Amino acid sequence: MKVPNTPLFKRCTQSFLLLFGFLLQPSIANAYQVDIGWAPGFISEYNYAQTYIADSAGKVITHFGGRNSAGGALGTGVQNSPKADFPTPSTMQVTWLSFKDGHFWQANINLPEKQITQWLNERIQGVFVSRPQQKVPRYDKLVVNVGPKGAVYVFLGGVDIKLIGQYQGKQIDIPWATHVKETWSSAPAHPVTQSQYVKNIQSSRQDTLSQAEQFDEKIFRTIKWRLTVNQPNELMAYTAQMMNGEDQTILNHLDQAILNATPKLLIFDVKKGLEIKRYRVKLAPEIEAFLDKQFNLQNHINFNLDFPNPNEARLYLKQGTQKIEFKKIEVEEMTP
């Protein structure tokens with residue numbers, strides 16, 4: 001059979017080969033798991049059947065959630081899906097019962113797929129972890145925290161913690177029997193109503209729920225700052241834990257690095273001559289009010305650590321010609 005040599009045939013053949021090659025390509029995947037938790041004081045129960053991440057084609061990657069979920073700090077949670085080579089998530093649906101208000105909530109979220117792919121491929125030297133000489137994945141968890149009035153906070157976790165974004169759900173109605181079937185691995189021995197169930201949790205977890213009164217979403221505002229040390233000391237590397245749940249390690253271009261959330265804990269290495277020392281500095285929660293009162297939060301602030309004596313450290317905050325000491329810190333020298 002003679003093959004026709006026409007432009008149309010060539011175009012069709014090329015298109016078919018391109019499509020066939022695309023179908024044969026393995027989908028981009030990274031090893032990660034899903035962790036779930038809550039903002040402080042906001043206990044919730046994730047509806048497993050209606051909580052999942054999906055790829056760009058809308059196919060469910062994995063469900064997560066369930067009755068036995070646990071809390072913790074923002075940016076952290078409890079493993080709730082296997083760690084596997086999953087494709088990058090494009091969308092997320094989160095459905096939960098809030099024990100603070102007794103309502104069901106649901107959020108449908110569009111995730112920044114390209115950025116997440118880039119972050120999941122990052123590797124970092126583990127300076128402040130147990131394997132300091134090895135490069136390890138920077139992120140290997142997708143962390144979902146739910147909070148007040150339908151708020152959802154999505155992070156990447158691992159050696160560092162990065163806030164992907166804040167999202168807002170809406171209140172929905174789910175028949176109680178449907179939620180139990182979709183969430184609980186086994187039904188209770190004695191039937192319990194939604195109202196009874198919520199009241200039982202509220203009664204047994206009063207101490208935890210009381211923390212919700214102290215939760216302030218102001219911690220999610222952007223505050224630009226960088227860390228420096230006084231000369232002749234040289235800052236070698238540092239990690240900063242922030243009030244919004246982030247935990248970021250800076251190893252390169254330290255003088256250019258600008259972080260975007262209020263710090264609560266700093267761990268850093270300082271070199272003076274041939275000697276390297278590691279310090280841990282804890283900032284009191286009053287740092288939020290201090291920043292509000294003293295500085296223009298639209299411009300970046302320099303957090304400068306001064307070492308006037310071998311066993312003494314002081315923290316000065318600088319902005320323009322302004323230089324004010326923040327005295328409510330705890331300083332501990334660590335073993336590098």
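Keep in mind it's a predicted model, so treat the numbers as computed, not measured.
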Between [X] and [Y], which heavy-atom pair has the shortest distance, and what is it?
| X | Y | result |
| --- | --- | --- |
| Arg226 | Asp255 | NH1-O, 3.2 Å |
| Met236 | Val270 | CG-C, 4.4 Å |
| Gln194 | Gly102 | NE2-O, 3.2 Å |
| Val229 | Leu235 | CG2-N, 3.6 Å |
| Phe128 | Thr239 | CE1-N, 3.8 Å |
| Ala237 | Leu251 | CB-CD2, 3.7 Å |

Judged by atom type as modelled, is there a donor-acceptor pair below 3.5 Å linking the side chain of [X] to the main-chain atoms of [Y]?
| X | Y | value |
| --- | --- | --- |
| Asn145 | Thr76 | yes |
| Gln322 | Gln294 | yes |
| Gln106 | Asp173 | no |
| Trp38 | Ser44 | yes |
| Ser203 | Asn200 | no |
| Thr91 | Asn110 | no |
| Glu286 | Lys328 | no |
| Asn304 | Leu227 | no |
| Ser81 | Val34 | yes |
| His63 | Tyr48 | yes |

Would you say the side chain of [Y] lies within less than 4.5 Å of the side chain of [X], judging by non-hydrogen atoms?
| X | Y | result |
| --- | --- | --- |
| Thr88 | Ile61 | no |
| Asn47 | Trp96 | no |
| Val94 | Val146 | yes |
| Arg280 | Val331 | no |
| Glu217 | Tyr153 | yes |
| Asn244 | Ile223 | no |

When the aromatic ring centroids of Phe326 and Phe303 are compared, is their separation below 6.0 Å? no
Do Phe86 and Tyr32 have ring centres separated by under 6.0 Å? yes
Parallel, tilted or perpendicular: rings of Tyr197 and Trp176 (30°, 60°): tilted
Parallel, tilted or perpendicular: which describes the rings of Phe42 and Phe215, with under 30° parallel and over 60° perpendicular? perpendicular
Looking at [atom1] of [X] and [atom2] of [Y], how far apart are the two atoms once the value is rounded to the nearest 0.5 Å?
| X | Y | atom1 | atom2 | value |
| --- | --- | --- | --- | --- |
| Ile287 | Asp292 | CD1 | CG | 10.0 Å |
| Asn30 | Glu122 | CG | CD | 11.0 Å |
| Asn230 | Lys272 | CG | NZ | 8.0 Å |
| Gln241 | Leu265 | CD | CG | 4.5 Å |
| Ile276 | Glu234 | CD1 | CD | 8.5 Å |
| Trp225 | His300 | CH2 | NE2 | 11.5 Å |

Could you work out, with salt bridge (Lys or Arg N to Asp or Glu O under 4.0 Å) as the rule, every residue matching [X], not counting sequence neighbours?
| X | answer |
| --- | --- |
| Glu325 | none |
| Lys318 | none |
| Glu275 | none |

Are more than 12 heavy atoms from other residues, nucleotides or ligands located less than 6.0 Å from atom NZ of Lys181? no
Step through the shown structure and confirm whether more than 12 heavy atoms of other residues, nucleotides or ligands are within 6.0 Å of CD on Glu312. yes
Just by distance, no angles: are the side chains of [X] and [Y] close enough, under 3.5 Å, to form a donor-acceptor pair?
| X | Y | value |
| --- | --- | --- |
| Gln298 | Asn296 | no |
| Thr228 | Asn302 | yes |
| Glu45 | Trp184 | yes |
| Gln93 | Gln50 | no |
| Asp35 | Gln79 | no |

For residues 158-167, please give each side-chain donor-acceptor pair under 3.5 Å, one per line with the distance, not counting sequence neighbours.
residue : atom : partner : partner atom : Å
Asp160  : OD1  : Thr249  : N            : 3.4
Asp160  : OD1  : Thr249  : OG1          : 2.7
Asp160  : OD2  : Arg138  : NE           : 2.9
Asp160  : OD2  : Arg138  : NH2          : 3.1
Asp160  : OD2  : Thr249  : N            : 2.9

Below 4.0 angstrom, N of the basic side chain to O of the carboxylate: do [X] and [Y] qualify?
| X | Y | result |
| --- | --- | --- |
| Lys83 | Asp140 | yes |
| Glu213 | Lys100 | yes |
| Glu288 | Lys264 | no |

Walk me through it: do Ser185 and Arg67 pass the test side-chain contact (heavy atoms from CB on, under 4.5 Å)? CA-CA 8 Å; Ser185 57; Arg67 187 178 182 187; over 6 Å; no
Carefully, step by step, assess Leu266 and Leu283 under the rule side-chain contact (heavy atoms from CB on, under 4.5 Å). CA-CA 8 Å; Leu266 303 168; Leu283 287 68; 4.3 Å; yes
Is there a continuous path of hydrophobic side-chain contacts, each under 4.5 Å between heavy atoms, that joins [X] to [Y]?
| X | Y | value |
| --- | --- | --- |
| Val78 | Tyr52 | no |
| Phe295 | Met243 | yes |
| Tyr316 | Phe268 | no |

Does the side-chain contact (heavy atoms from CB on, under 4.5 Å) test come out yes or no for Ile124 and Lys135, once each step is laid out? CA-CA 5 Å; Ile124 187 171; Lys135 282 202 169 184; over 6 Å; no
Go through the structure and list residues passing side chain to side chain contact (heavy atoms under 4.5 Å, CB included) with Ala187, not counting sequence neighbours. none
Run the ring-ring contact (aromatic ring centres under 6.0 Å, His included) test against Tyr238 and tell me which residues pass, sequence neighbours left out. none
Could you go through the side-chain contact (heavy atoms from CB on, under 4.5 Å) check for Lys277 and Tyr279 one step at a time? CA-CA 7 Å; Lys277 290 190 174 184; Tyr279 294 93; 3.3 Å; yes
